[in-house]
Student: 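Sharing a structure here in structure tokens format.
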Amino acid sequence: MKARQPPYLRHCLASLLVLFAAASSLWCAETSEEAPLEELPTTVEARQRLYDEIDREVAALERQNTLLKRVVRLVTPTVVHIEAEKSSSQDGRFSRRSVEEAGSGVVIRHGTGYYVLTNRHVINDSLLGQIKIKLADGRIIHPKQVWTDRGTDVAIMEVNVENLVPARLGDSDQLEIGDFVLAVGSPFGLSHSVTYGIISAKGRRDLKLGDGSVKYQNFLQTDAAINPGNSGGPLLNLRGEVIGINTAIASSSGGSEGIGFSIPIKMVMTIASQLIEQGNVVRAYLGVRLDSRFDAQRATAAGLSRPSGALVSAVTPNSPAAKADLRQGDVVLRVNNVTVEDDAHLVNLVSLTAVGETVSLVVFRKGATLAVKVRVGKRDDFEPE
């Protein structure tokens, strides 16, 4: 169904109107108590002066707002609408019915080729001919090839048509809570809708998504409105750079309630690059079991000054960890100068490391810290998926 594109930045302007309303309410409350009626702008001259003052202030606001409008114009050609037809078993044995998944994506350039980033759950179980990609100029194309990663819900599609406009990728590692962001996608089929918000939190790693197959999580949280159909679309900074791929929402109603989740673009591209270059994702392996019950109380009991790190509960024999002499009871505090927040964080850091790379660990053992070098192995050699 084709719908008229909604006005850009409705969410942003609504926020500004709320601020204006609050300021106006305060001004009205003060003037109603302190100013006599004759001081209110009732004459033509007084009202004109006030209109002129308001015009000047609004003009200043509009000059600032042109930044957001330019960013929207810049990124719109890079965003696509996706419709994927799938076959779904109706009773598990006999009849099958066709269902359609709608989502979003963003065009990127990798090497000499063009690709569309999206979520696995948008296109999973669909044949190439069942996936329709609608470009910003109205063209409808099909992917040439598709790769997906179950563990992160990342998908990448190769496309081979002319005049594609790729997005610029940003550095998601530099994001801070409070940074302004834009979300672009196709909520409820309304393509190229734009919403505005901030980064509300980082490092969300305990979400229960779908069938539970998304094991490697490190989500950005945003209050930019994300609804069904936004999945796979880009989260952007105010420079117009993609810093995440919108994936999920926390909602009791099925619609946006101000809690959306996006995969950081660094994590997305680590996965996507492997899929493009070798056809599958090879994850690194350390070889430790971790205690998820390690909390502030247990950290204090162990002698740590703050509740961070991952507690090793067991070491796999002949693993990279065993060869580096990691031991049960060790607390891994840092990996390559990155502070380990918890066990899930350590799993993510290791899984996104290149196989065969030597990583530097800081480990807390029996009241002292020590540096450990570990050459990570290939997960499939120890724990085939």
Side-chain angles (χ1 to χ4, degrees), residues 149-154 173 202-207 212-219 263-264 266-271 273-275 277-278 280-385:
D149 178 55
R150 181 183 178 90
T152 57
D153 198 29
V154 168
D173 282 351
K202 302 192 301 180
R204 296 299 194 201
R205 290 182 284 271
D206 56 355
L207 305 185
S213 61
V214 184
K215 298 188 295 184
Y216 304 103
Q217 301 183 12
N218 190 34
F219 289 107
I263 308 172
K266 181 179 180 180
M267 183 174 184
V268 171
M269 289 309 301
T270 298
I271 299 301
S273 297
Q274 291 191 56
L275 291 172
E277 294 164 8
Q278 58 197 37
N280 67 318
V281 178
V282 179
R283 291 188 168 87
Y285 185 77
L286 182 58
V288 295
R289 294 190 181 278
L290 304 172
D291 189 345
S292 60
R293 300 169 299 172
F294 187 64
D295 55 14
Q297 183 177 355
R298 298 184 72 182
T300 301
L304 289 168
S305 59
R306 58 189 298 261
S308 64
L311 176 63
V312 176
S313 59
V315 177
T316 303
N318 301 316
S319 67
K323 293 176 182 178
D325 196 31
L326 284 177
R327 305 175 189 177
Q328 180 181 0
D330 286 349
V331 179
V332 181
L333 300 178
R334 297 180 70 84
V335 177
N336 288 341
N337 293 321
V338 177
T339 299
V340 176
E341 297 174 12
D342 52 32
D343 57 323
H345 191 201
L346 177 58
V347 170
N348 278 330
L349 290 172
V350 173
S351 69
L352 295 174
T353 301
V355 171
E357 180 179 327
T358 298
V359 298
S360 300
L361 307 181
V362 174
V363 174
F364 183 80
R365 179 186 297 167
K366 295 181 179 179
T369 57
L370 59 152
V372 178
K373 298 282 189 180
V374 184
R375 188 171 184 268
V376 295
K378 183 179 178 182
R379 176 173 291 277
D380 289 349
D381 292 343
F382 298 89
E383 296 180 3
E385 294 189 5

Student: Between V350 and V335, is any pair of side-chain heavy atoms under 4.5 Å apart?
Tutor: no
Student: What distance separates K366 NZ from D330 CG, expressed to the nearest 0.5 Å?
Tutor: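 Atom-to-atom, K366:NZ and D330:CG are 9.5 Å apart.
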Student: Under 4.0 Å between a side-chain nitrogen and a carboxylate oxygen: does that hold for R327 and D325?
Tutor: yes
Student: Flag yes if more than 12 heavy atoms outside D295 fall under 6.0 Å of its CG atom; otherwise flag no.
Tutor: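 Yes, enclosed.
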Student: Could you tell me whether the side chain of R375 and the main chain of E357 form a donor-acceptor pair under 3.5 Å?
Tutor: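 Flag not set: sc R375 to bb E357 has no pair under 3.5 Å.
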Student: In terms of heavy-atom contacts, does NZ of K266 have more than 12 from other residues, nucleotides or ligands at under 6.0 Å?
Tutor: no
Student: Please say whether more than 12 non-hydrogen atoms of neighbouring residues, nucleotides or ligands are located less than 6.0 Å from CD in E277.
Tutor: yes
Student: May I ask you to decide if R289's main-chain N or O and S313's side chain share a donor-acceptor pair within less than 3.5 Å?
Tutor: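 Checking the backbone N and O of R289 against the side chain of S313, a donor-acceptor pair under 3.5 Å is found.
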Student: Should R298 and D291 be marked as a side-chain contact (heavy atoms from CB on, under 4.5 Å) after you check the CA-CA gap, both sets of side-chain angles, and the distance that decides it?
Tutor: CA-CA 11 Å; R298 298 184 72 182; D291 189 345; 2.8 Å; yes
Student: Report the C-alpha separation of V332 and V312 in whole Å, then their side-chain angles, then the decisive distance to 0.1 Å, and conclude whether the side-chain contact (heavy atoms from CB on, under 4.5 Å) test is met.
Tutor: CA-CA 8 Å; V332 181; V312 176; 4.1 Å; yes
Student: Compare every heavy atom of Y285 with every heavy atom of P320, then report the nearest pair and how far apart it is.
Tutor: CG-O, 3.5 Å
Student: Ignoring hydrogens and angles, write down the donor-acceptor pairs under 3.5 Å from the side chains of residues 303-310, residues two or more places apart or on other chains.
Tutor:
{"from": "R306", "atom 1": "NH1", "to": "S308", "atom 2": "OG", "distance (Å)": "3.3"}

Student: Would you give the length of the straight line joining atom CG of L361 to atom CG of L370, rounded to the nearest 0.5 angstrom?
Tutor: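 Output value for this atom pair is 9.5 Å.
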Student: Run the side-chain contact (heavy atoms from CB on, under 4.5 Å) test on V281 and L275 for me, step by step, so that the C-alpha distance in whole Å, both residues' side-chain angles and the decisive distance to 0.1 Å come before the verdict.
Tutor: CA-CA 6 Å; V281 178; L275 291 172; 3.7 Å; yes
Student: Over all heavy atoms of both residues, which pair between T353 and A284 is shortest? Give the atoms and the distance, please.
Tutor: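 Residues T353 and A284, closest heavy atoms: O-CB, 3.3 Å.
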Student: Supply the atom-to-atom distance T152 OG1 to R283 CZ, rounded to the nearest 0.5 angstrom.
Tutor: 6.0 Å
Student: Considering non-hydrogen atoms only, spot the tightest contact between T339 and H345 and give its length.
Tutor: O-CE1, 3.1 Å
Student: Say whether, by atom type as modelled, one donor and one acceptor occur between the side chain of N348 and the main chain of Q217 under 3.5 angstrom.
Tutor: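 At least one qualifying donor-acceptor pair exists.
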Student: Go through the steps to decide whether V340 and L349 satisfy the test side-chain contact (heavy atoms from CB on, under 4.5 Å), and finish with yes or no.
Tutor: CA-CA 8 Å; V340 176; L349 290 172; 4.2 Å; yes
Student: Please find the pair of heavy atoms, one from A321 and one from G287, that lie closest to each other, and give the distance.
Tutor: CB-O, 3.7 Å
Student: Would you mind reporting whether V347 and L286 have side-chain heavy atoms less than 4.5 Å apart?
Tutor: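 No, side chains not in contact.
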Student: Identify the two heavy atoms, one from L290 and one from D343, that lie closest to each other, and give their separation to 0.1 Å.
Tutor: CD1-O, 3.6 Å
Student: How close do T316 and A322 get, counting heavy atoms only, and between which atoms?
Tutor: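 Shortest heavy-atom separation between T316 and A322 comes out as O-CB, 3.5 Å.
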Student: Can you measure from CG (L346) to CZ (R205) and round to the nearest 0.5 angstrom?
Tutor: 10.0 Å
Student: Let me confirm one number: the CD-OG distance from Q278 to S273, rounded to the nearest 0.5 Å.
Tutor: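 Interatomic distance, Q278 CD to S273 OG, rounded to 0.5 Å: 10.0 Å.
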